[in-house]
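So the structure is just underneath, and the comments pick up after that.
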Amino acid sequence: MLKAFDPSAALPDLIAALRQDGAVILREQVPRDLADEVAAELRPHFDRIGRAAQSDFNGYKTLRISSILKRSRRSADLIGHSRILEIADVILLPHCINYRIGSCTGIEIWPGEGPQRLHRDDGIYPIKMPGIEWQISVNWALDDFSLENGGTHVIPGSHNWKEPRPPLESDTVQAVMPKGSALVYLGSVWHGGGANRTDKSRMGLVNTYSLGWLRQEENHYLSIPREVADSYPEKIRRLMGYQGHGRILGWYPHNLDGY
C-alpha cells in the first residue's frame, strides 16, 4: 500500500516516503470543485479528439489529449500547485538550475479497458545515471480513483532495482484516492493505468516535470499558442520552458540587434 498524506503533512515526511517507495499519494490536495472545473474544460476536447492517440500501449478504450494549458485554464492551478513544486524542488533542483513541464496529458479510462503495460516514464531518455531522477510525474484525480475503475498501478521500490527484471502486475499496488488528490511518483518507477471494470469512466491529468537541461517530451512552444502562453503568470510560463538554463543553455540574442 502506498503511503497517503493529508495537505497539512510536513514536506520532509513526504520526501522520505517518496524516496523510499518511489510514489506517494497526496489526499484531497485541491478542492473537488477545482477538479470538476478542470474536467469540464477538458470534456469537449476528450469527446472531439480523445480517440486519436489510441494504440496498443495507450489502449483502445482510453481517451487522451495534450496541449492542456491551451484547453483548460484552471489546469494551471494543478500544474503550478505549490506543494507539487516544493516536491519537485527537492527531487530535481540538486541536478539542475531549473526544471520545466515535460508533458501534460489528460487521460480518461473507459469501461472495459484492460490494464496498461507497465512502464517507466523516464524511458524516453536513452541513459540513466544512478542517484539522479530525470523527472517526476503527478497524476491528478479528476474523478475518484478506485481498485475497480482503473486506479494507477505502481510497483513500490522499483526505482531502486539494481538488476533488470520484468515488472509484474502481481508486484503492484493501486493508487486509491478521492477526487482532488494526486499520485506523485518518480520517473524511474514502474507503473501503468489500471483496468476499468465499472460502468463509468475515470479521468485524470498527468503532468511531468523534467530537469531543465533535458529536451521536453511535449514541445510547449508549439503546442501552446504564444498569445495563450503570454496570458499565464510568469511561474507557469517558466514551467512551459520560457526560461534559459543558466547563462548559456537556451541563450537568445535579443539584445544584440540581430547578431
query = Between Lys128 and Asp122, is a salt bridge (charged side-chain N to carboxylate O under 4.0 Å, His left out) present by the stated rule, with each step listed?
reply = CA-CA 9 Å; Lys128 292 182 68 66; Asp122 68 4; 3.3 Å; yes
message = Quick check: do Ile84 and Trp140 have side-chain heavy atoms less than 4.5 Å from each other?
response = yes
inquiry  = I need the Asn207 CG to Asn139 CG distance, nearest 0.5 Å.
reply    = 9.0 Å
ask   = Any donor-acceptor pair under 3.5 Å linking the side chain of His119 with the backbone of His191?
value = yes
query = In Å and rounded to the nearest 0.5 Å, what is the CG to CG distance from Asp47 to Leu63?
reply = 7.5 Å
Ile107-Leu118 co-clustered via ILVMFWY side chain contacts under 4.5 Å = no
request  = Check step by step if side chain to side chain contact (heavy atoms under 4.5 Å, CB included) holds for Met203 and Phe46.
outcome  = CA-CA 10 Å; Met203 188 188 297; Phe46 275 118; 3.6 Å; yes
ask   = With distance as the sole test, does Asn98 use its side chain to make a donor-acceptor pair with the main-chain N or O of Gly244 at under 3.5 Å?
value = yes
message = Please enumerate all residues that pass salt bridge (charged side-chain N to carboxylate O under 4.0 Å, His left out) together with Lys70, with sequence neighbours excluded.
response = none
ask   = Are the side chain of Asn149 and the backbone N or O of Asp144 linked by a donor-acceptor pair below 3.5 Å?
value = yes
request  = Would you confirm whether Gln116, through its side chain, and Gly192, through its main-chain N or O, come within 3.5 Å as a donor-acceptor pair?
outcome  = no
inquiry  = To the closest 0.5 Å, what do you measure between CZ (Arg64) and CG (Asn58)?
reply    = 4.0 Å
key: For the student: nearest non-hydrogen atoms of Ile68 and Gly106, plus distance   = CD1-N, 3.6 Å
query = Of all heavy-atom pairs between Ser210 and Tyr99, which one has the smallest distance, and what is that distance?
reply = O-CB, 3.1 Å
Residues, nucleotides or ligands: over 12 heavy atoms within 6.0 Å of Arg51 CZ = no
request  = May I ask you to check whether Tyr242 and His220 place their ring centres under 6.0 Å from each other?
outcome  = no
request  = Look at the side-chain heavy atoms of Ile, Leu, Val, Met, Phe, Trp and Tyr, link any pair under 4.5 Å apart, and say whether Tyr209 and Met129 land in one connected group.
outcome  = yes
task = Flag yes if Ile97 and Trp213 sit in one hydrophobic cluster, no otherwise; membership is Ile, Leu, Val, Met, Phe, Trp, Tyr, and two members link when side-chain heavy atoms are under 4.5 Å apart.
result = no
message = Under the side chain to side chain donor-acceptor pair (under 3.5 Å) test against Ser201, which residue among Glu108, Lys61, Glu113 passes?
response = Glu108
task = State, yes or no, whether a side-chain contact exists between Val189 and Asp121 at a heavy-atom distance under 4.5 Å.
result = no
key: Under 3.5 Å donor-acceptor, Gln243 side chain and Arg100 backbone   = no
key: Side-chain heavy atoms of Thr62 within contact of Tyr60, under 4.5 Å   = no
key: Point-to-point distance, once rounded to the nearest 0.5 Å, from CD1 of Ile132 to CG of Leu211   = 7.5 Å
query = Is it true that a side-chain atom of Asn196 and a backbone atom of Ile109 form a donor plus acceptor pair closer than 3.5 Å?
reply = yes
key: Distance under 6.0 Å and angle within 45° of ring axis: Arg165 vs Trp161   = yes
message = Using only atom types and a distance under 3.5 Å, with no angle test, would you say the side chain of Glu41 pairs donor to acceptor with the backbone of Arg71?
response = no
request  = For side chain to side chain contact (heavy atoms under 4.5 Å, CB included), just list the numbers for Leu26 and Ile87, CA-CA rounded to whole Å, side-chain angles, deciding distance to a tenth of an Å, and then say yes or no.
outcome  = CA-CA 11 Å; Leu26 309 183; Ile87 295 172; 4.1 Å; yes
ask   = How long is the gap from CG on Leu142 to CZ on Arg202, to the nearest 0.5 Å?
value = 9.0 Å
inquiry  = Please check this pair: side chain of Arg120 against backbone of Ser158, looking for a donor-acceptor N/O pair closer than 3.5 Å.
reply    = yes
task = Taking all non-hydrogen atoms of both residues into account, name the closest pair between Gln20 and Asn160 and its distance.
result = O-ND2, 4.0 Å
request  = Carefully, step by step, assess Arg74 and Glu37 under the rule salt bridge (charged side-chain N to carboxylate O under 4.0 Å, His left out).
outcome  = CA-CA 7 Å; Arg74 294 308 307 271; Glu37 288 184 58; 2.7 Å; yes
key: Heavy-atom closest pair, residues Leu85 and Gly80   = CD1-O, 3.7 Å
task = Using the side chain to side chain contact (heavy atoms under 4.5 Å, CB included) rule, take Ile236 and Leu69 through it: C-alpha gap first, then chi angles, then the decisive distance, then the call.
result = CA-CA 9 Å; Ile236 300 299; Leu69 286 165; 4.0 Å; yes
key: Within-4.5 Å side-chain heavy-atom neighbours: Glu133 and His95   = no
query = Are Ile155 and Val206 connected, step by step, through hydrophobic side chains (Ile, Leu, Val, Met, Phe, Trp, Tyr) whose heavy atoms are closer than 4.5 Å?
reply = no
message = In this structure, would Trp190 and Trp134 fall into the same cluster of hydrophobic residues linked by side-chain contacts under 4.5 Å?
response = no
query = Is a donor on one side and an acceptor on the other found under 3.5 Å between the side chain of Glu218 and the backbone of Ser103?
reply = no
key: Main-chain N/O of Val228 paired with Tyr232 side-chain donor or acceptor, under 3.5 Å   = no
query = Arg19 and Ile91: side chain to side chain contact (heavy atoms under 4.5 Å, CB included), yes or no, with the steps?
reply = CA-CA 9 Å; Arg19 293 192 189 281; Ile91 300 299; 4.0 Å; yes
Anything under 3.5 Å between a donor and an acceptor, one on a side chain of residues 172-184, the other on a protein residue two or more places apart or in another chain? List them.
residue, atom, partner, partner atom, Å
Thr172, OG1, His153, ND1, 2.8
Thr172, OG1, Glu169, O, 2.7
Gln174, NE2, Leu147, O, 3.3
Gln174, NE2, Gly151, O, 2.9
Lys179, NZ, Asp36, OD1, 2.7
Ser181, OG, Glu28, N, 2.7
Ser181, OG, Pro178, O, 2.8

Under 3.5 Å, which donor-acceptor pairs link side chains of residues 3-18 to any protein atom two or more places apart or in another chain?
residue, atom, partner, partner atom, Å
Lys3, NZ, Asp21, OD2, 3.0

key: Euclidean distance, Leu214 CG relative to Gln216 CD, rounded to 0.5 Å   = 10.0 Å
note = Nearest heavy-atom contact between Leu205 and Ser75 is CD2-CB, 4.1 Å
